[in-house]
There are 2 protein chains.
Amino acid sequence: MTVTLADVAARAQVSPATVSRVLNGNYPVAASTRERVLRAVDDLDYVLNGPASALAAATSDLVGILVNDIADPFFGIMAGAIQSEIGGPGGRAGGERLAVVCNTGGSPERELTYLTLLQRQRAAAVVLTGGAVEDTAHATAVATKLRKLVAAGTRVVLCGRPPAPADTDAVALTFDNRGGGQQLTEHLIALGHRRMGYIAGPEERTTTRHRLEGHRAALAAHGVADDPAWTVHGRYDRRSGYEATLELLRREPGLTAVVAANDTVALGACAALRDSGLRIPDDVSVVGFDDLPFSIDAVPALTTVRLPLAEAGARAGRIAMGREEAPPGGIATIRGELMVRGSTGAPKEA
Amino acid sequence: MTVTLADVAARAQVSPATVSRVLNGNYPVAASTRERVLRAVDDLDYVLNGPASALAAATSDLVGILVNDIADPFFGIMAGAIQSEIGGPGGRAGGERLAVVCNTGGSPERELTYLTLLQRQRAAAVVLTGGAVEDTAHATAVATKLRKLVAAGTRVVLCGRPPAPADTDAVALTFDNRGGGQQLTEHLIALGHRRMGYIAGPEERTTTRHRLEGHRAALAAHGVADDPAWTVHGRYDRRSGYEATLELLRREPGLTAVVAANDTVALGACAALRDSGLRIPDDVSVVGFDDLPFSIDAVPALTTVRLPLAEAGARAGRIAMGREEAPPGGIATIRGELMVRGSTGAPKEA
DNA sequence: CCTTGTGTAGAAAGCGCTTGCTGCGACGCG
DNA sequence: CGCGTCGCAGCAAGCGCTTTCTACACAAGG
């Protein structure tokens, strides 16, 4: 039924071993023999059996990429960049590897299950993207899993994620969410804002906490009051931004600025403000985070912090493939860049 | 070093066969034995070797999803929906399957290579999303590949893609791009527009052609002139929309509407119009296609055709898993819904 | 009491590939 | 001219799992 290595060997009049070596190209084979084998492969339309070869060689060419939400460009951009570097077809790298993008939906259990599944497949590498959940039990479970993966020879890279315990040997490229949050709020303070609402992400995520910490640090540094009622938690989506903004407006109609957890949330905030008859930035300024492609198309264009997602992803991909050295200590912090655009301005009555 | 089935068997005092059967649950095993085995698995922290089991059972639990651009929510949404149905962790389905999202970048070669890679992995199913390339040679090559995959027991589903030759046995869920394009243009004609620019996608894509055909059909049906100079081809991205719009404006400053290949392009068009000092929809109306989440956040909100991406993806996923019957004839056409919003209005001087 | 079933576990034969080791000409050097 | 080398190909032993077929024990039926 299906063509096997042996069939190719028979047709090329060589042993299966030789065919294998031609295909893997890691052993001297005479040019004439190689050619004969290659022709046989072609004639028979032979396709290597991945599982069999993975079993025999005890390695596989699968690379796992864990994302929280594949429909979110934040992850899509990183995943695309990672994939282009791990040498899927068309990537720069040589060997063809299959990138497995796994959508955890932000669920800790799924994250763990996917890690097990990847361990089961003996993945060559695993890249975890996005913020982690701040649950100790889960963090421990993940760390344990990562340790096992590393022990089994899988390279583990965290991209846009806080470092795992050092003994996991996982490389981490972390975004400076705290610093970014601080820059944003300082920008608003410099413009004269004093009553700023903050729409945070899900409480248990590290990303949420770090960005919020940055915001508060900026407030504290400039002696600006920090009313807890001006912070609302929600999800990282538009709807959440919309609702949270209405809630903030209800609590404090005199807000002059809204700081959103990310650009998507900011868009929802903008919509809520407009629907409330408020102009941006004349009545209320809005800032986002991430600088996703659509942010520049918002009207007015969103002031935000640009995170080099593609660059970070590419780097993570290269490290995962062992084509770039890990940063010293296994940890690199990637800063964002403040992008001041039309959605922020001085408050009406300073 | 690594724990194998045999180790578990030894610890549970049973044969490897029994352990395998407990793990796969497709053979009667006495409750007491099962429990003993399960405990041993737990104690030893055993993880099944995927390749080995795939080899022995001649099946794998990998499901491939091919997308043109993973950073584009159009694909992200479909991929997410597919994945949630194929029973990855947390999905509704029982067995745990690994979804492999492959990013072709729109390249025909990569598409083919990924198909080979999936064939090599003996994937359980493959879902191809997005428009196909209209190159005969490539179409033939893909059809051949699909035929082989199907022959090898891989289920093949096309989602948002024109049907493959009937003898490939691939199920197709096709978007009615033609009809959608027609609705959009008819809407504009009904508003009184007569001079409409069209920003098409890459020339060789079926999606591009079908949408354009719909546009032209509407023009023809209503006796509206169709100046070839009013159609510009570009890529499916914002930049392209921006530049094409400027070009259209140069060619015909009297345009009263711009029809974009998709929402992303439409956003670029809006930006170009604004930068040219034109108001939307007062001076120029704009329509997109797809109704991606951000389209409602454009200012003014985009008139577009809503494609049920998540629903289509979910259905494709179920069909791929054999949990839903294929549509009669293996082909289903999915219509879009015209969403009239703020970006379209009557032309200034009718 | 022996036969026929029924339910459960084991033995063993692969699945298709990789790779360490062996084998065998040919070549070069003393 | 003989022997050590080198280059290349083959042998065969697995890799870790699934699954068919066989084996056994016990229950029920004639």
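Below, chains carry the letters A, B, ... as their sequence lines are ordered, and counting in each starts from 1.
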Atom pairs and distances, side-chain donor-acceptor, residues 124-142 of chain B, under 3.5 Å, sequence neighbours left out:
residue : atom : partner : partner atom : Å
B:T129  : OG1  : B:L66   : O            : 2.7
B:E134  : OE1  : B:R209  : NH1          : 2.8
B:E134  : OE2  : B:R209  : NH1          : 2.3
B:D135  : OD2  : B:A137  : N            : 3.3
B:D135  : OD2  : B:H138  : N            : 2.8
B:H138  : NE2  : B:P108  : O            : 3.2
B:T140  : OG1  : B:T136  : O            : 2.7

Between CG of B:L23 and P of D:dT19 the distance, given in whole Å, is 12 Å
Which atom pair, heavy atoms only, marks the closest approach of A:A316 to A:V157?
CB-CG1, 3.9 Å
Given C:dT19, C:dA9, D:dT18, which nucleotide is nearest the side-chain atoms of B:T33?
C:dA9
B:P28 or A:S20: which one's nearest nucleotide on DNA chain C is closer to the 5' end?
B:P28
Excluding sequence neighbours, so at least two apart, what forms side-chain contact (heavy atoms from CB on, under 4.5 Å) with B:A152?
none
Quick one: B:R34 CZ to C:dG7 C1', roughly how many Å, whole number?
13 Å
Given C:dT19, D:dG16, D:dT18, which nucleotide is nearest the side-chain atoms of A:N26?
C:dT19
Less than 4.0 angstrom from a charged side-chain N to a carboxylate O is my criterion; do A:E85 and A:R323 meet it?
yes
Looking at D:dT18, I'd like to know if its phosphate oxygens (OP1 or OP2) sit under 4.0 Å from a side-chain N or O belonging to B:N24.
yes
Identify every side-chain donor-acceptor pair in residues 19-28 of chain A under 3.5 Å, counting partners at least two apart or on other chains, and give the distances.
residue : atom : partner : partner atom : Å
A:S20   : OG   : A:N24   : ND2          : 3.3
A:N24   : ND2  : A:S20   : O            : 2.8

For B:R120, the salt bridge (Lys or Arg N to Asp or Glu O under 4.0 Å) test, sequence neighbours excluded, returns none
Euclidean distance, atom CG of residue A:L55 to atom C1' of D:dG14 [Å, nearest integer]
9 Å
For A:E311, which residues count as a side-chain contact (heavy atoms from CB on, under 4.5 Å) partner, sequence neighbours excluded?
A:P308
Which residues in residues 3-12 of chain B have at least one heavy atom lying under 4.0 Å from any atom of DNA chain D?
B:T4, B:L5
Rounded to the nearest Å, what distance is computed from the CZ atom of residue A:R122 to the C1' atom of nucleotide D:dG16?
9 Å
Set of residues satisfying side-chain hydrogen bond (donor to acceptor under 3.5 Å, both in side chains) with respect to A:T154, sequence neighbours excluded:
none
Can you name the residues that form a salt bridge (Lys or Arg N to Asp or Glu O under 4.0 Å) with B:R155, not counting sequence neighbours?
none
Taking CG from A:N49 and C1' from D:dG16, how many angstroms apart are they, rounded to a whole number?
14 Å
Within residues 146-154 of chain B, find the residues that approach DNA chain D with a heavy atom at under 4.0 Å, and present them sorted by residue number.
none
Would you mind reading off the distance between A:L44 atom CG and C:dG16 atom P, rounded to a whole angstrom?
14 Å
Strictly under 3.5 Å: I want the nitrogen or oxygen pairs between protein and nucleotides 10-14 of chain C, one per line.
residue : atom : partner : partner atom : Å
C:dG10  : OP2  : B:S15   : N            : 2.8
C:dG10  : OP2  : B:S15   : OG           : 3.1
C:dG10  : OP2  : B:T18   : OG1          : 2.8
C:dG10  : N7   : B:R21   : NH2          : 2.7
C:dG10  : O6   : B:R21   : NH1          : 3.4
C:dG10  : O6   : B:R21   : NH2          : 2.9

Which residues pass the side-chain hydrogen bond (donor to acceptor under 3.5 Å, both in side chains) test with A:T59, sequence neighbours left out?
none
For B:D42, the salt bridge (Lys or Arg N to Asp or Glu O under 4.0 Å) test, sequence neighbours excluded, returns none
